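Treat the numbers as computed from the prediction; the structure is a model and nothing was measured.
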Amino acid sequence: MSELYIRVAEDENEEPMEIPSEDDGTVLLSSVAAQFPGACGLRYRNPESQCMRGVRLVEGILHAPENDWGSLVYVVNYPKDNKRKMEEIDAASAVKIKRGFQKTSDLIVLGLPWKTTEQDLKDYFSTFGEVIMVQVKRDAKTGNSKGFGFVRFTDYETQTKVIAQRHMIDGRWCDCKLPNSKACPDEPMRSRKIFVGRCTEDMTTDELRQYFMQYGEVTDVFIPKPFRAFAFVTFADDQVAQALCGEDLIIKGVSVHISNAEPKHNNIHQLFPNFPGGSASLAAMFARSQYQFPSSHV
């Protein structure tokens, strides 16, 4: 028997597809499944009774009804469980498509090395997905990097993946976050100040400023007098400050610990009970300097 094609559709009302038969006139179930994944058989509507009839299947081979496939349209059979799974997949795809329409935002990239350029950023982040924009923030006068930048992706899922992890860029760990302007309006404003613990007396404000400028623009450095082995550093961007909290950094060969600077005036006496002049004097000093102690002193 010469090769012929039978018409097969996923539903009676859909446009059929032609499936090739074998030399003996049978059709392999695998041929049907290649076009309709998950298919387990075929059925057709009997022209006389108008009832649906199943096509005989023996060891993966479909046999023509009464040895003639005719011009009928055969409908694919699916297992009930498989049909349910297909519906779940369709639902998941719909959610994914809907999510794909979510707009992406500019992400701030914190802790960039001085040498990192826009091209370096684009080359790195392009490994995650299509990049729309990259920018390294620079000082208007000197043109030097401020230690942070911005990146934006085409796909929302790429943005989510990038935010969820830290990034090694030019030998330094960097963080990607949504800037506060893009955050939930109910989210509290975070401090731009950090508490630098375990300082040594030979560290100067200029040295601390120079060191921390590698992470971002520094607006102020405060070392209390008399010296108390700690300092406060204020950044122009609170994201930079928050990214450093919890880190142990090496300054002039000394390990210092960075923590949050939070309004905890009521803990001053417990933190520094031996401060000259008592807690009132210490509180007054910090009120004048507009700095606060961290929640935990290291």
Handout entry: Short side-chain donor-acceptor distance under 3.5 Å, Thr204 and Asp206
Key =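 Looking only at side-chain atoms, Thr204 and Asp206 do not form any donor-acceptor pair under 3.5 Å.
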Exercise for the section: Classify the side-chain pair Gln119/Asp123 by whether it contains a donor and acceptor separated by less than 3.5 Å. Expected result: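 Yes - a donor-acceptor pair under 3.5 Å links their side chains.
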How long is the straight-line distance from [atom2] of [Y] back to [atom1] of [X], given to the nearest 0.5 Å?
X	Y	atom1	atom2	value
Phe222	Thr205	CZ	OG1	11.0 Å
Gln214	Arg172	CD	CZ	4.5 Å
Cys51	Arg45	SG	CZ	8.0 Å
Leu112	Phe148	CG	CZ	9.5 Å
Glu217	Arg209	CD	CZ	10.0 Å
Thr154	Ile132	OG1	CD1	4.0 Å

Handout entry: Residues that Arg7 engages under side-chain hydrogen bond (donor to acceptor under 3.5 Å, both in side chains), provided they are two or more places apart
Key =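 For Arg7 there are no side-chain hydrogen bond (donor to acceptor under 3.5 Å, both in side chains) partners, ignoring immediate neighbours.
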Practice task
With sequence neighbours excluded, tell me which residues meet side-chain hydrogen bond (donor to acceptor under 3.5 Å, both in side chains) with Ser126.
Solution key: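 Once residues adjacent in sequence are excluded, Ser126 has no partner under the side-chain hydrogen bond (donor to acceptor under 3.5 Å, both in side chains) criterion.
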Identify the two heavy atoms, one from [X] and one from [Y], that lie closest to each other, and give their separation to 0.1 Å.
X	Y	result
Ser145	Pro113	OG-O, 4.4 Å
Leu57	Cys40	CD2-O, 3.5 Å
Asp11	Val75	CA-CG1, 4.2 Å
His63	Val55	O-CG1, 3.2 Å
Leu29	Ala39	CD1-O, 4.0 Å
Ala231	Pro224	CA-CD, 4.5 Å

Student check: side-chain heavy atoms of [X] and [Y] closer than 4.5 Å:
X	Y	answer
Val233	Asp220	no
Trp69	Leu62	yes
Thr117	Asp120	yes
Leu72	Pro47	yes
Leu42	Phe36	no
Leu121	Thr116	yes
Val109	Ile169	yes
Trp173	Glu247	no

Practice task
Please name all residues satisfying ring pair (Phe, Tyr, Trp, His ring centres under 6.0 Å) with Phe153, sequence neighbours left out, ordered by chain then number.
Solution key: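 Per chain and number, Phe153 pairs via ring pair (Phe, Tyr, Trp, His ring centres under 6.0 Å) with Phe125.
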Please determine whether the number of non-hydrogen atoms from other residues, nucleotides or ligands lying under 6.0 Å from atom [atom1] of [X] exceeds 12.
X	atom1	result
Glu66	CD	no
Gln135	CD	yes
Gln165	CD	yes

Is [Y] reachable from [X] through a run of hydrophobic residues whose side-chain heavy atoms are each under 4.5 Å from the next?
X	Y	answer
Val256	Phe227	yes
Val8	Met52	no
Ile61	Val76	no
Ile163	Phe128	yes
Val27	Val73	no

Practice task
Please step through side chain to side chain contact (heavy atoms under 4.5 Å, CB included) for the pair Leu249 and Tyr211, ending with a clear verdict.
Solution key: CA-CA 10 Å; Leu249 307 175; Tyr211 177 85; 3.4 Å; yes
Practice task
Look at the rings of Phe232 and Phe230 and say which category their plane angle falls in: under 30° parallel, 30 to 60° tilted, over 60° perpendicular.
Solution key: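 Plane angle over 60°, so perpendicular.
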Contacts of type side chain to side chain contact (heavy atoms under 4.5 Å, CB included), residue [X], not counting sequence neighbours:
X	answer
Ser30	Leu28
Ala34	none
Lys141	Asp139

Whether the side chain of [X] engages the backbone of [Y] through a donor-acceptor N/O pair (distance < 3.5 Å, no angle test) should be reported.
X	Y	result
Gln210	Glu207	no
Thr234	Arg192	no
Thr219	Ala236	no
Arg198	Ser255	yes
Arg53	Tyr44	no

Problem - Residues Val151, Tyr124; criterion side chain to side chain contact (heavy atoms under 4.5 Å, CB included); working and verdict - result: CA-CA 11 Å; Val151 61; Tyr124 174 80; over 6 Å; no
Handout entry: Carboxylate-amine/guanidinium proximity below 4.0 Å for Asp202 and Lys252
Key =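 Between Lys252 and Asp202 there is a salt bridge, with a charged N closer than 4.0 Å to a carboxylate O.
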